[in-house]
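One structure below.
Letters A, B, ... are given to chains in the order of the sequence lines, protein chains preceding strands, and every chain is numbered from 1.
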Amino acid sequence: MSKLKVVVVGNGMVGHHFVDQMIQSEINAEITVIGGETRPAYDRVHLSEVFAGKQPKDLYLTSREFYSDNGVEAHFGDPVADINRSEKRVITENGQSFEYDKLVLATGSYPFVPPIEGSDRDECLTYRTIDDLAEIKANAEDSKIGVVVGGGLLGLECANAVQNLGLETHVVEFAPGLMGVQLDEGGSKMLRRKIEALGVKVHTQKATTLINENGSTKLRMNFADDTHLDTDMIVFSAGIRPYDQLAKKADLEVGARGGIVVDYHCRTSDSDIYAIGECALFGNMIYGLVAPGYRMAEVAVNQLSDAEEKTSFKGADMSTKLKLLGVDVGSIGDAHGKSANSIGYTFSDEREEIYKRIIVSGDGKTLLGAVLVGDCSDYDTLLQYFLNGIELPEKPENMILPATDGSSAPTLGVSALPMAATICSCHNVSKGDIVASIDGGCCSLGDVKCETKAASGCGGCAALLKNVVDDEMEARGLTVDKSICEHFPHTREELYHMIRVGEIKSFTDLIHKHGKGLGCEICKPAVANILASTWNDHVLEDNHVGLQDTNDTFLANMQKDGTYSVVPRVPGGEIKPKQLIAIGQVGEQYGLYTKITGGQRVDLFGARLNQLPDIWKQLIDAGLETGHAYAKSLRTVKSCVGSTWCRYGVQDSVGTAIDIENRYKGLRSPHKIKMAVSGCTRECAEAQCKDVGIIATENGWNMYVCGNGGMKPRHADLFATDLTTETLIKYIDRFLMFYIKTADRLQRTSVWMGNLEGGLDYLKEVIIADSLGIAEELEQQMAHIISTYQCEWKTAIEDTEKLKRFRQFVNSKEEDANVIFVQERGQIRPANEDEKNERNAQTA
Amino acid sequence: MSINQIICDKNDLIENSGVAAMVDGEQIAIFYLPTTEKKIFAISNWDPIGKANILSRGIVGDYEGKIVVSSPLYKQHFDLESGLCLEDEKAPVRTYSVSLKNDKVVMA
Ligand code: SRM
Ligand SMILES: Cc1cc2nc3c(=O)[nH]c(=O)nc-3n(C[C@H](O)[C@H](O)[C@H](O)COP(=O)(O)OP(=O)(O)OC[C@H]3O[C@@H](n4cnc5c(N)ncnc54)[C@H](O)[C@@H]3O)c2cc1C
Ligand code: SF4
Ligand code: FES
């Protein structure tokens with residue numbers, strides 16, 4: 001069967017989602033993507049975060065490589081100019097031409113700039129693309145005052161950005177109130193009050209008639225009521241208009257006020273052309289949110305497949321919850337109470353600056369809409385009542401009234417939600433999907449997130465998701481027994497606490513006081529690890545040695561044949577030729593297999609147990625130290641060459657990596673910790689896949705946390721920006737100690753954060769704002785570990801008692817006859833079964 | 001392997017852990033758990049699943065009432081009294097009787 005030729009015009013969020021879904025489907029198609037912007041799709045929803053320190057590339061949703069790896073032909077920066085429907089081809093501005101069997105228009109929309117005289121001046125900008133951001137930033141540099149035209153959702157978000165840039169910020173709105181679409185009058189007023197308190201000046205009912213030059217500032221806005229406002233730059237955010245010119249030219253049906261008309265299969269008036277996302281008009285409505293766009297994309301993919309079950313787009317709920325300039329705002333359904341016979345209940349508290357209103361049906365049974373300003377804690381519950389038509393309690397007003405008799409507001413038990421209830425609208429995850437993932441083996445919040453993707457979009461559903469997961473776990477009697485093993489009825493965190501507070505220094509003491517039995521391979525290493533993170537004794541002390549995993553016991557990693565590997569520390573990857581030579585000599589003398597690791601250092605394999613002390617003696621004499629490759633502790637701090645040599649470097653990444661590696665070396669932790677430091681945003685050290693990643697900026701360091709490679713790779717999250725080296729170190733101290741204190745055993749930082757209630761924001765509060773008041777304590781605990789560091793190998797080779805442990809046999813100097821090597825590419829490797837059998841046959 | 005054959009000194013053993021010894025060409029793993037009734041246990045050092053001589057280097061403990069060592073390679077549990085592998089009945093290891101006499105470890 002010949003491949004279906006599918007051409008996609010526009011590579012925004014929805015266009016990309018369509019392509020992604022096509023790739024994942026079984027449809028045998030040849031996909032061509034034509035994007036008008038010069039870069040592949042990125043996350044527009046989080047655009048503002050670039051003002052708070054994110055790099056544009058943090059927003060990317062895909063890449064040219066991803067497309068080419070998946071057989072998608074992609075062209076960027078050359079928009080489509082015409083559709084020739086009779087020949088079924090599209091033609092770009094530069095004259096490229098592409099044939100299609102099916103065409104998908106995902107051209108999105110553009111900011112509406114009112115036709116005001118002077119609105120085409122250089123200082124008049126819009127806010128929708130990464131390029132717009134760069135222009136706003138550049139203009140802000142020599143500006144003092146910034147005006148945003150438009151007091152809607154996007155306008156206020158833009159005002160936040162302008163304020164972040166340090167400008168005196170004004171919002172100019174034509175209508176009487178802010179966010180008129182989502183809020184009623186009362187809510188709008190409360191929002192204004194709160195925003196003004198934050199220093200943003202709001203001007204409503206202002207119609208701009210002329211923008212001209214002015215003496216002291218760059219611009220003057222003149223309003224219809226003869227007043228004016230002086231400013232240096234203006235950002236228009238006065239609504240969006242669908243990009244439907246292409247469709248119009250091609251005689252497709254478009255709405256009176258714009259938008260390409262589609263049916264519930266997302267088909268336009270030409271059955272071979274689909275329109276999805278913000279350019280599509282469905283039921284006389286443009287859906288200016290990404291979730292409905294994603295649903296349209298999925299419907300279109302379903303149309304192109306030969307799936308028997310056809311899905312359709314049925315409109316979408318436009319309820320939203322957001323934080324605008326730090327103010328919580330929520331809007332559900334019929335916020336204005338326009339439904340016939342509806343009843344409204346309002347609660348307004350001007351001291352606390354909270355406004356809540358619900359609209360219920362005439363019989364008081366169903367929730368039709370709600371407005372929340374200043375406190376969105378009821379949003380999740382209200383939304384579920386609304387979406388699922390759940391019958392309201394007898395006195396609906398209690399839903400929003402603060403409790404007077406000490407009882408809390410009737411939150412909706414998540415068990416009451418139907419299976420079809422949408423929990424995460426970004427990724428279209430229903431309660432049923434979550435239940436299925438738990439039935440399928442997920443047993444923690446982190447697992448469910450990984451499996452279903454829920455809460456990995458805007459993050460708004462995180463709290464609700466947690467409730468559903470907890471509830472389901474409980475319902476299955478899976479009241480997830482968090483005991484570490486049969487010997488201790490406690491979690492790792494509890495054991496940590498007992499050890500620290502009870503000043504317990506040995507496993508024997510701990511199990512006497514708080515456990516039972518002999519212990520096992522789960523609790524022993526975990527306790528040994530906590531003892532080391534807390535008191536930092538040598539791990540081979542008599543009362544610790546039996547607790548360690550084999551790798552810690554022999555300060556080396558056991559290989560498949562029972563031999564060991566040797567990894568000296570190479571802080572930051574910087575190494576003197578002399579030390580390299582010393583490593584080489586040891587390798588040669590003991591005939592070890594030598595390899596450069598993925599962690600910027602050298603690994604020597606094939607050492608027999610009894611050879612380890614001699615090998616380490618030589619390495620230590622050459623100035624090397626143990627690399628802790630065997631321990632749950634800091635592994636490596638990778639670095640790039642940085643500003644000392646590299647023409648792009650803006651800070652000394654090597655120096656910082658070395659300092660950091662030396663600071664935290666030997667620190668035992670719940671799982672291994674990896675870090676990296678890059679000298680500029682090119683990120684050659686791959687810091688964003690580390691537990692702690694550090695990237696140099698012109699002004700200092702950006703800190704990323706909780707990334708990893710490995711089985712489930714996860715990009716690190718931006719944690720703080722433009723830090724001085726001193727603050728950076730402080731934050732890392734606190735971050736690591738907090739992790740050590742609260743994580744589960746063998747939980748990498750990423751999974752740990754996934755399970756922390758409140759996630760990244762909570763972590764920021766604890767580490768940066770010191771919300772728990774423990775920052776100083778954490779720093780002191782870290783200082784103790786740092787000051788008690790010892791090279792474990794150096795101590796071991798100086799202690800004959802400890803060295804006894806490294807005998808192959810306690811009663812013989814024989815060697816293990818099962819350790820047999822063969823040569824490969826000029827070095828040794830363990831013989832496989834066949835090779836061993838062959839050799840045994842020869843000697844027999 | 002004769003009865004009362006001396007293998008090593010008591011202070012060659014490591015409390016709550018194991019060591020390896022070579023006895024008549026056979027590698028045996030000897031574990032010293034002073035708080036248990038039997039105190040000293042010996043099984044073959046060969047891990048039939050990991051296929052290496054390393055059982056002496058595993059962590060000892062109890063698992064559902066049985067005294068076990070967990071293989072340092074792939075973590076299966078071997079019962080120190082019966083030699084049975086708790087995860088795989090087809091992979092038992094040989095056991096040896098050893099005891100402590102006058103601070104010496106001897107074949108019993
Ligand atoms: C030697 C090395 C591979 C190499 O030849 O390059 C290696 C070898 C081992 N890795 Fe690794 N990893 C090595 C770099 C990595 C990297 C790359 C990196 O660090 O940049 C990763 C992915 C990055 C990450 O961890 O985020 C990596 C992800 C893993 C994982 C999966 C971790 C995860 O969270 O999913 C394991 C398994 C584990 O730790 O539970 C693992 C475990 C292991 C163990 C310890 C397995 C074992 O228990 O025997 C290997 C033995 C090391 C030895 O004998 O010395 N290794 N391992 C690398 C040593 C780096 C070093 O200098 O210390
Ligand atoms: C600052 C900001 C904040 C937002 N916040 C939220 C939010 O919190 N929640 C939410 O749900 N939504 C939010 N949105 C809206 C959301 O970003 C959009 O709903 C979504 O991006 C729509 O996706 P789309 O693919 O339809 O359009 P777009 O993402 O606009 O993509 C369309 C693409 O098509 C390209 N194109 C246009 N014409 C052509 C042509 N002729 N040839 C080739 N390419 C063409 C455009 O250049 C563009 O790259 C926000 C938007 C902005 C700007
Ligand atoms: S990250 Fe930047 S400074 Fe470091 S090597 Fe790469 S380009 Fe150079
Ligand atoms: S609703 Fe946005 S991530 Fe779930």
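- Side chain of A/Asn811 to backbone of B/Met22: a donor-acceptor contact under 3.5 angstrom is found.
- Only the side chain of A/Ser812 comes within less than 4.5 Å of a heavy atom in chain B; its backbone stays farther off.
- Within a 6.0 Å radius of CD in B/Glu89, other residues, nucleotides and ligands contribute 12 heavy atoms or fewer.
- Residues of residues 513-525 of chain A placed with any heavy atom under 4.5 Å of a heavy atom in chain B are listed by number as A/Gly517, A/Leu518, A/Gly519, A/Cys520, A/Glu521, A/Lys524, A/Pro525.
- Residue B/Lys38 qualifies as enclosed at atom NZ: its count of foreign heavy atoms under 6.0 Å is above 12.
- Annotation: maximal heavy-atom pairing with chain A below 4.5 Å, among B/Ala21, B/Pro72, B/Ser70, occurs at B/Ala21.
- For chain A, no part of B/Ile30 is nearby; none of its heavy atoms comes within less than 4.5 Å.
- Contacts between residues 792-803 of chain A and chain B, counted as heavy-atom pairs separated by less than 4.5 Å, involve no residue at all.
- With a 4.5 angstrom heavy-atom cutoff, A/Val819 does not touch chain B via any of its atoms.
- Side-chain atoms of A/Asn543 and B/Glu15, non-hydrogen and from C-beta on, never get closer than 4.5 Å to each other.
- Residue B/Val68: no heavy atom, backbone or side chain, is found under 4.5 Å from chain A.
- Proximity to chain B (any heavy atom under 4.5 Å) is restricted, for A/Leu609, to the side chain, taken from C-beta onward.
- At a 4.5 Å heavy-atom cutoff, the contact between B/Asn11 and chain A is made by backbone and side-chain atoms alike.
- B/Leu13 does not touch chain A: none of its heavy atoms, backbone or side chain, sits under 4.5 Å away.
- The environment of A/Lys836 atom NZ is dense: over 12 non-hydrogen atoms of other residues, nucleotides or ligands sit within 6.0 angstrom.
- Residues A/Asn818 and B/Trp46 have side chains in contact (heavy-atom distance under 4.5 Å, counting atoms from C-beta outward).
- For the atom pair A/Met558 CE and B/Arg57 CZ, the distance stands at 4.5 Å (nearest 0.5 Å).
- Between A/Arg805 and B/Ile14 the shortest side-chain heavy-atom distance falls below 4.5 Å.
- Interface summary for chain A: among B/Ser17, B/Ala20, B/Cys8, the most heavy-atom pairs under 4.5 angstrom belong to B/Ala20.
- Comparing B/Ala52, B/Gly58, B/Ser56, B/Gly65 by how many heavy-atom pairs each has under 4.5 Å with chain A, the most go to B/Ala52.
- Heavy-atom pairs under 4.5 Å with chain A peak, among B/Ile7, B/Asn16, B/Asn53, B/Val23, at B/Asn53.
- Between A/Gln559 and B/Leu73, the shortest heavy-atom contact is O-CD2, 3.7 Å.
- In this structure, B/Lys51 does not pair ionically with A/Asp561, as no charged nitrogen and carboxylate oxygen lie closer than 4.0 Å.
- Under the 3.5 Å distance criterion, the side-chain polar atoms of A/His487 are matched with a main-chain donor or acceptor of B/Asp62.
- Within a 6.0 Å radius of NZ in A/Lys804, more than 12 heavy atoms belonging to other residues, nucleotides or ligands are found.
- A 6.0 Å sphere centred on CG of B/Asp24 holds more than 12 heavy atoms belonging to other residues, nucleotides or ligands.
- With a 4.5 Å cut-off on non-hydrogen atoms, A/Gln808 touches chain B through its backbone and its side chain both.
- Residues A/Asp549 and B/Lys75 are paired through a salt bridge, judged by an N-O separation under 4.0 Å between the basic side chain and the carboxylate.
- The OG1 atom of A/Thr553 sits 6.5 Å away from atom CD1 of B/Ile59, with the distance rounded to the nearest 0.5 Å.
- Remark: A/Asp542 CG is loosely packed, at most 12 non-hydrogen atoms of other residues, nucleotides or ligands lying under 6.0 Å away.
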